[in-house]
Amino acid sequence: MQSVPPAPASAPQPPKYEFFKVIQNYLDDAAKLVQMPEYIRSILSQPKNEIIVHFPVRMDSGEYRVFKGYRIQHSNILGPYKGGMRYHESASLDDFKALAAMMTWKCSLMNLPFGGGKGGIKFSPHGVSRHELSRITRRFFHALGSNIGPDYDIAAPDVGTNAQTMAWALDTYMNSVGMVSKQSVMGVVTGKPVSSGGTYGREKATGQGLVHCILDWADRARFDVKGKKLIVQGFGNVGSNAAVLLSQLGVSLVAVGDHTGYLYNPEGFNAYRLKQYVEQNGSIAGYANGTKIEREQFFGTQADIFVPAALENQVGTAEAEALQVQLIAEGANGPCSPEGEEVLKRRGIEILPDVLCNAGGVTVSYYEWVQNRRSEQWTIQEVDQRLELAMHDAYDRMARFAKLHDCDYRRACYGVALQRITQVYTEREIFP
Ligand code: NAD
């Protein structure tokens with residue numbers, strides 16, 4: 001009898017990244033800094049509502065597939081829950097809880113009358129047709145029913161969703177509230193196409209806000225952005241708009257990556273053309289003006305600024321050791337792990353934290369919501385001016401807090417955000 005060779009030992013799995021725990025730890029650190037009463041800290045350490053829906057969708061093949069959708073409502077102490085909808089194959093309840101809490105801090109820091117929420121569906125939008133995507137979105141928003149609303153919980157685009165997704169979501173919601181209420185619910189989602197009730201400036205808003213942050217930092221650091229080099233991970237809404245706006249300031253994009261891989265061009269990509277290519281082809285794959293590189297090489301590229309604009313937990317210790325830049329402007333939410341951040345600090349690489357750096361999106365979403373309520377359409381100039389002032393103001397408040405409390409910018413963002421929430425809880429107290 002032949003002896004069966006022993007099965008190869010399975011490779012040890014890396015420990016699962018607990019994104020929500022990371023965000024809870026930041027909350028705990030900042031709560032100490034602002035001497036937040038324990039009862040408020042414990043309220044904020046969990047979301048108010050965790051909604052999970054399962055819904056069937058007829059696929060183009062005629063088969064039915066059941067999807068799992070989430071909406072996490074973290075806090076509405078400052079206003080309606082507000083936050084994006086993510087479609088991604090690796091999305092999890094833990095991620096949505098973390099992202100929803102971050103929306104609470106972001107809206108508080110930006111002085112917006114919104115709380116925090118986040119949601120989405122665990123699936124890859126790249127693997128379905130446009131018709132399927134429409135039906136999935138419509139069934140998801142229908143399943144959420146009265147758990148969302150323009151004065152209760154307002155959705156927006158995030159990874160894997162865009163203005164078209166929001167148009168389907170709006171249409172579904174409008175058609176489920178009855179004829180007479182139709183026009184009054186436009187604000188149930190933001191990030192809509194301009195022709196369907198969106199605002200000018202929303203598409204580029206997150207990238208634009210990030211550029212304002214970089215310029216504020218550059219002013220203080222006496223750093224001239226002109227002629228500097230940039231690397232960007234994630235070339236969707238946030239990454240591509242940030243790269244185009246930075247290229248208009250003379251910053252050269254030398255390496256870029258997305259879910260399909262990484263490209264390098266020492267002469268600098270034309271960020272605008274690459275953005276157009278991605279809009280037509282869905283990814284950077286096949287773009288002619290760049291050499292394919294590995295993820296490890298991307299992180300080791302010599303540059304000045306890194307914009308992570310893909311997913312959380314992309315910069316661990318290895319990536320942080322490899323990076324050859326002076327500044328990281330966090331377009332993505334939670335791109336640096338706490339361990340990665342320690343390495344970056346030791347190496348003197350500065351971080352502009354997500355809670356501020358990507359808050360331009362929700363800020364302009366707020367402008368969209370106000371315009372919907374007033375049946376107005378502001379000009380791009382008006383939106384741009386307001387956003388610039390809002391970003392500078394928040395940056396100033398963050399920098400002053402950091403100086404006063406001798407803490408890093410991430411804790412300072414949380415600190416400023418928690419001070420506002422503490423004030424409101426202290427005034428209103430807990431019902432009854
Ligand atoms: P998007 O779907 O438009 O783009 C996401 C990009 O990330 C794509 O280029 C995709 O290919 C890439 N990507 C996905 N998985 C990847 C992987 N494993 N490795 C490398 N690249 C990968 O999404 P977006 O709206 O630009 O969001 C990007 C980040 O910015 C997210 O963290 C999101 O939460 C954050 N954010 C977005 C907004 C907004 O207004 N859209 C606002 C604030 C924060």
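Both ligands and their constituent atoms are indexed starting at 1 by order of listing. A quick note: this is a predicted structure, and the numbers were derived from the prediction, not measured.
Two residues are said to be in side-chain contact when any heavy atoms from C-beta on lie closer than 4.5 Å; Phe306 and Gln233 meet this criterion. Taking the side chain as every heavy atom from C-beta outward, Val188 and Ile154 never approach each other to under 4.5 Å. A 4.5 Å side-chain heavy-atom check between Ser365 and Phe114 finds every atom pair outside the cut-off. Looking at heavy atoms from C-beta onward, Phe123 lies in side-chain contact with Arg65 at the 4.5 angstrom threshold.
Within the cation-pi definition used here (under 6.0 Å to the ring centroid, within 45° of the axis), Arg135 does not qualify as a partner of Trp168. Both tests pass for Arg373 against the ring of Trp369: distance under 6.0 Å to the centre and angle within 45° of the axis. The side-chain tip of Arg411 does not point at the ring of Tyr26 from less than 6.0 angstrom away and within 45° of straight on. Remark: Lys228 is positioned above the aromatic ring of Phe223, its terminal NZ or CZ atom under 6.0 angstrom from the ring centre and at most 45 degrees off the axis.
Under a 4.0 Å criterion applied to the non-hydrogen atoms of Gly331, ligand 1 contributes the atoms 30 (O), 35 (C), 36 (N), 44 (C). Close approach of ligand 1 to His88 (heavy-atom distance below 4.0 Å) involves ligand atoms 15 (N). Which parts of ligand 1 touch Gly160 is read off a 4.0 Å heavy-atom cut-off, strictly below it: atoms 2 (O). Close approach of ligand 1 to Arg86 is summarised as follows: ligand atoms under 4.0 Å from at least one heavy atom of the residue are 31 (C), 32 (O), 33 (C), 34 (O). Close approach of ligand 1 to Arg202 (heavy-atom distance below 4.0 Å) involves ligand atoms 40 (O).
Screening Val307, Thr260, Leu263, Val256 against Phe235 for a side-chain contact (heavy atoms from CB on, under 4.5 Å) leaves a single residue, Val256.
Not a single heavy atom of Glu312 sits less than 4.0 Å from an atom of ligand 1. Residue contacts with ligand 1: Ser283 is excluded, as none of its non-hydrogen atoms falls under 4.0 Å.
Residue contacts with ligand 1: Gln233 is placed with no nitrogen or oxygen under 3.5 Å of a nitrogen or oxygen of the ligand (distance criterion only). The N/O atoms of Phe235, backbone and side chain alike, include one that comes under 3.5 Å of an N/O atom in ligand 1. Residue Thr206 has at least one nitrogen or oxygen atom sitting less than 3.5 Å from a nitrogen or oxygen atom of ligand 1, judged on distance alone. For ligand 1, none of its N or O atoms has an N or O atom of Gly257 under 3.5 Å away. Residue Gln314 places no N or O, backbone or side chain, under 3.5 Å from any N or O of ligand 1. Here's the thing with Gly234: none of its N/O atoms is less than 3.5 angstrom from an N/O atom of ligand 1. Considering backbone and side-chain N/O of Asp158, one or more are found under 3.5 Å from N/O of ligand 1. Remark: ligand 1 and Gly239 share no N or O pair separated by less than 3.5 Å (distance only, no angle test).
Lys118 and Asp153 are not joined by a salt bridge, as no carboxylate oxygen comes within less than 4.0 angstrom of a charged side-chain nitrogen.
Val238 N, 2.9 Å is the protein heavy atom nearest to atom 26 (O) of ligand 1. Taking atom 31 (C) of ligand 1 as the reference point, the nearest protein heavy-atom neighbour is Ala310 O, 3.1 Å. Scanning the protein heavy atoms around atom 28 (C) of ligand 1, the nearest turns out to be Ala309 O, 3.3 Å. Atom 3 (O) of ligand 1 has its closest protein heavy atom at Asn237 N, 2.9 Å. Protein heavy atom in closest approach to atom 10 (C) of ligand 1: His259 ND1, 3.8 Å. Of the protein's non-hydrogen atoms, the one nearest atom 18 (N) of ligand 1 is Leu311 CD1, 3.9 Å.
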**Request:** Start with the C-alpha distance between Phe96 and Phe20, add both sets of side-chain angles, then the distance that settles ring-ring contact (aromatic ring centres under 6.0 Å, His included), and finish with yes or no.
**Result:** CA-CA 8 Å; Phe96 289 128; Phe20 185 51; over 10 Å; no
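Within the structure, the ring-ring contact (aromatic ring centres under 6.0 Å, His included) test picks out the following pairs touching residues 182-213 (sequence neighbours left out): His212-His392.
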